[in-house]
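Here is the structure we will look at, set down as structure tokens.
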2 protein chains.
Amino acid sequence: MNKKVISIGTVCELTGLSERQIRYYEERKLIFPERMNGGIRKYSFLDVEILIDIANKREEGVQTAEIKKEMNKKNKYDAAARDQAIKGQLNAYFHKRS
Amino acid sequence: MNKKVISIGTVCELTGLSERQIRYYEERKLIFPERMNGGIRKYSFLDVEILIDIANKREEGVQTAEIKKEMNKKNKYDAAARDQAIKGQLNAYFHKRS
DNA sequence: CGTGTAAGGAATTCTGACACG
DNA sequence: CGTGTAAGGAATTCTGACACG
């Protein structure tokens, strides 16, 4: 399911990652949550899966820039990522302004 | 997906119902959210679907007691409902005590 | 019966920054 | 580079109750 409905605390529990890590991976454009009214991030189950992949890569010592490249190559998430990138950036943009 | 990960505000958006209504339907044992640490309710996509069904029935003027009976008959959600009932009640119980 | 609302508190999330490295 | 943390604020959620009916 790629509906963005999960808030960050729940994502932490599902992935074992900290809020800080999850927000950082967003900053590095590895994931693209949407923003609800109020600016609160919402993630999909697909995001959770991607985050788990990221966590595994990071454990192997792979840097975020590398992970990003690999994800684009694999293009397993590519179409979804493109969509998400646009929506996520629009969302963030509107929130900066309000 | 029957993983309980959606918080009530998002459920409101997905169903068009108010928080009050959603909590009331829980009180009437039509739905069985889980509780995260902190006592915050978490719903699944199945819960959202059930709530939409409830909303439709209510619009037709059907009372919650009737809806509950229909749901049990239809037993479309029956096995799931039984599980949910147990978990939901345990969850609520532990939160009353803390 | 089913739902709205004001009340007060508790838990969540957000951003920007400093820290270490 | 990647992550922790304290800071202060804003938005969310919770419960119990009163209201109307």
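Each chain gets a letter, A, B and so on, in the order the sequences are listed, and its residues count up from 1.
Per the geometry, CZ belonging to A/Arg23 stands 6 Å off C1' belonging to C/dT13, to the nearest Å. A/Glu19 has its CD atom 14 Å from the P atom of D/dA6, to the nearest Å. If you take NZ of A/Lys42 and C1' of C/dT13, they are 10 Å apart, rounded to a whole angstrom. To the nearest angstrom, C1' of C/dG2 lies 12 Å from CG of B/Leu17. Distance A/Glu26 CD to D/dG2 C1': 16 Å, rounded to the nearest Å. As rounded to whole Å, 16 Å separates atom C1' of D/dA10 from atom CD1 of A/Ile8. Computed from coordinates, the A/Glu34 CD to C/dT13 P distance equals 17 Å when rounded to whole Å. Atom CG of B/Leu30 and atom P of C/dT3 are 10 Å apart (whole Å).
Closest approach of B/Thr64 and B/Leu30 over heavy atoms only: O-CD2, 3.7 Å.
Side-chain N/O atoms of B/Tyr24 include none lying less than 4.0 angstrom from OP1 or OP2 on C/dT3. Note on A/Ser7: every side-chain N or O is 4.0 Å or more away from OP1 and OP2 of D/dT12.
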Quiz item: Would A/Cys12 and A/Ile22 count as a side chain to side chain contact (heavy atoms under 4.5 Å, CB included) if you check the C-alpha gap in whole Å, the side-chain angles of each, and the deciding distance to 0.1 Å?
Solution: CA-CA 8 Å; A/Cys12 290; A/Ile22 295 169; 3.8 Å; yes
Practice problem: Evaluate side chain to side chain contact (heavy atoms under 4.5 Å, CB included) for A/Tyr43 paired with A/Ile8, printing each intermediate quantity in order. | Solution: CA-CA 7 Å; A/Tyr43 304 84; A/Ile8 198 163; 3.6 Å; yes
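Contacts of A/Arg58 with the nucleic acid, taken as non-hydrogen atoms under 4.0 Å apart, involve only primed sugar atoms and P, OP1 or OP2. Counting non-hydrogen atoms under 4.0 angstrom, B/Arg28 reaches the backbone sugars and phosphates but no base.
Checking D/dG16 for Watson-Crick or G-U wobble geometry (two distances, each under 3.5 Å) identifies no partner in any strand. Across all strands shown, nothing is found opposite C/dA6 as a Watson-Crick or G-U wobble partner with both distances under 3.5 Å.
For B/Arg41 against D/dT13, no side-chain N or O and base N or O form a donor-acceptor pair under 3.5 Å. The base of D/dT5 sits with one of its N or O atoms less than 3.5 Å from a complementary donor or acceptor on the side chain of A/Arg20.
Nearest-nucleotide mapping onto DNA chain D: of B/Thr10 and A/Tyr25, the residue sitting toward the 5' end is A/Tyr25.
The residue from A/Lys42, A/Lys68, A/Arg20, A/Arg41 that alone fulfils the salt bridge (charged side-chain N to carboxylate O under 4.0 Å, His left out) condition with A/Glu26 is A/Arg41.
The pair B/Glu70-B/Lys57 counts as a salt bridge, with a side-chain nitrogen and a carboxylate oxygen less than 4.0 angstrom apart.
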